[in-house]
Amino acid sequence: MTAKASAEKPADFEEFWRATLDSVADVPLDVSVRPVPERSAPDVEVFEILFTSWDRIRIACWYCRPRAATGPLPAIIQVPGYVSEPILQKSAARRGYAVLSLAPRGKLRSNHQFNPGFPGLLTHNIVDRHTYAYRGFYVDALRAVDVVLELPEVDPNRIGVAGHSQGGALTLLTAAMRPEVRAASAGAPFLCGIMDALRLTNSHPYREIKDYLRMYPEREAQVRRTVAYFDLINFADKITCPIILNIGLADDICPPETGYAVFGAIGSNEKRLYEYADCMHDAGGPIHQPIISEFLDEHLSPAE
C-alpha cells in the first residue's frame with residue numbers, strides 16, 4: 001500500500017479545544033432520566049436520558065442497565081455512525097454493563113434544535129471552525145462522560161467507549177480528551193486524514209465535502225483549515241488508555257490508509273490493530289465483535 005494519509009496540526013489546536021471546553025464547562029448538564037418500560041425486559045431496564053451540551057442543545061441517549069445489578073457497574077459509552085441511529089444495548093447490559101448509547105445533535109430525539117440532515121452534517125458551516133457542526137457534535141460525545149459519571153450505579157474507574165465509523169472517530173476523540181476512559185474500541189474510524197481521504201475515496205460521506213468543493217472551489221483553503229481542527233489524527237497522541245482498532249482493507253468509505261495513519265499516531269503503549277483483508281466498511285463485522293467484547297471485559301471487569 002503506497003498511498004498515505006496525514007493531517008497538519010494547527011499551531012493553535014490545543015488553545016482552540018481548551019477554549020471550547022472552557023466555554024461549556026459552566027453549562028449545567030441538567031441530566032434527566034426517564035424510565036422506558038415498553039422497551040425494557042425482565043432482566044434489563046431501559047431509560048431515556050437527556051442532557052444539555054454546546055449551545056445549550058438538549059442531547060438524547062438510550063441507557064440500559066441490568067436489573068439485578070449489585071455494586072458499582074462498569075460503563076460503556078456507545079457512539080453512533082454517521083447515518084446510523086443509537087441502538088439499545090441490551091446484550092451488553094446482560095453482560096453486566098451500564099450502557100449509554102449517545103444520540104449527538106442531529107440524530108433522532110436530538111434534532112429538535114439542530115438538524116442539518118444526513119447528508120448535510122459534514123459540511124454544515126465547514127468554512128468556520130468556530131461554528132462548524134462538528135464542534136458541538138464533538139462536545140456532545142465528551143459531555144457523555146460527565147453524564148455517566150453522574151449515574152450513581154456507575155463505577156467511575158471502569159468507563160469504556162466504543163463505536164464504528166463516525167462512532168470510531170468519536171471513540172478516538174473521547175479516549176483522547178477524557179482521561180476517565182479506561183478502554184476504547186474504534187472500528188473503521190471516520191474523520192481521520194480527512195483531506196487525504198477525499199482523494200482516496202469517492203464514496204459518501206466524504207463525497208459530501210468533494211461535492212461542496214466542486215460547487216465552491218474557492219473555499220478549499222478555508223475548508224482545509226477548518227477540518228484540521230477536527231481530524232482525529234491530531235487528537236490521537238493524547239490517547240493513553242488501552243485501545244483496539246479494526247479496519248477493512250477493502251473499505252471504500254473510510255480508506256484503510258487513514259486507519260493506519262491514526263493508529264500510528266495513537267500515544268497509548270497498549271494498542272492493537274486488527275486488519276481484515278477481504279472486508280469493506282464492516283471491518284470484520286461479526287467476526288470482530290467477540291474480540292471487542294473480550295477486550296472490554298478484560299479491562300472493565302463486568303463480573304466484579
Distance-only side-chain donor-acceptor flag, Y216 / Q222, under 3.5 Å
no

Does one side chain, of D211 or Y206, offer a donor that lies under 3.5 Å from an acceptor on the other?
no

What distance do I291 atom CD1 and R272 atom CZ have between them, rounded to the nearest 0.5 Å?
7.5 Å

Straight-line distance of I253 CD1 to T258 OG1, nearest 0.5 Å:
11.5 Å

NZ or CZ of R109 within 45° of W62 ring axis and under 6.0 Å
yes

I'd like to know whether D252 forms a side chain to side chain donor-acceptor pair (under 3.5 Å) with T201, so could you lay out the CA-CA distance, the side-chain angles of the two residues, the decisive distance to 0.1 Å, and finally the verdict.
CA-CA 6 Å; D252 65 340; T201 182; 5.6 Å; no

With a 4.5 Å limit on heavy-atom distance, are the side chains of [X] and [Y] in contact?
X: K271; Y: I244; answer: no
X: V161; Y: R182; answer: no
X: W54; Y: T20; answer: yes
X: L249; Y: I247; answer: yes

Go through Q89 and Y63 one step at a time and tell me if the side chain to side chain donor-acceptor pair (under 3.5 Å) criterion holds.
CA-CA 8 Å; Q89 293 287 341; Y63 177 59; over 6 Å; no

Applying ring-ring contact (aromatic ring centres under 6.0 Å, His included) to Y138 and not counting sequence neighbours gives W17, Y134, F230

With sequence neighbours left out, the residues meeting side-chain hydrogen bond (donor to acceptor under 3.5 Å, both in side chains) with R56 are none

Would you please test V46 and K90 for side chain to side chain contact (heavy atoms under 4.5 Å, CB included) and show each step?
CA-CA 8 Å; V46 175; K90 293 182 183 179; 3.9 Å; yes

Test side chain to side chain contact (heavy atoms under 4.5 Å, CB included) on D146 and L29 and set out the steps.
CA-CA 8 Å; D146 295 313; L29 278 175; 3.5 Å; yes

Compile the donor-acceptor pairs under 3.5 Å between side chains in residues 117-129 and protein atoms, sequence neighbours left out, one pair per line.
residue : atom : partner : partner atom : Å
N125    : ND2  : T131    : O            : 3.2
D128    : OD1  : H130    : N            : 2.9
D128    : OD2  : T131    : OG1          : 3.3

Y132 and F137 aromatic centres sub-6.0 Å
no

Sorted by first residue and then second, give each ring pair (Phe, Tyr, Trp, His ring centres under 6.0 Å) pair with at least one member in residues 141-188; sequence neighbours left out.
H164-H281

Would you call R199 and D196 a salt bridge, taking side-chain N to carboxylate O under 4.0 Å as the test?
yes

Check against ring-ring contact (aromatic ring centres under 6.0 Å, His included), F13 and F235:
CA-CA 9 Å; F13 180 86; F235 290 88; 4.9 Å; yes

Can you check side chain to side chain donor-acceptor pair (under 3.5 Å) on Y229 and R135, steps first, answer last?
CA-CA 9 Å; Y229 290 89; R135 192 181 192 192; over 6 Å; no

Mind checking salt bridge (Lys or Arg N to Asp or Glu O under 4.0 Å) for K9 and listing every partner two or more places apart, or none if nothing turns up?
E14, D237

Under the rule for salt bridge (Lys or Arg N to Asp or Glu O under 4.0 Å), what residues qualify as partners of E45, not counting sequence neighbours?
R65, R67

Before giving the answer on side chain to side chain contact (heavy atoms under 4.5 Å, CB included), spell out for C279 and H288 the whole-Å C-alpha distance, their side-chain angles and the decisive distance to 0.1 Å.
CA-CA 11 Å; C279 292; H288 188 70; over 6 Å; no

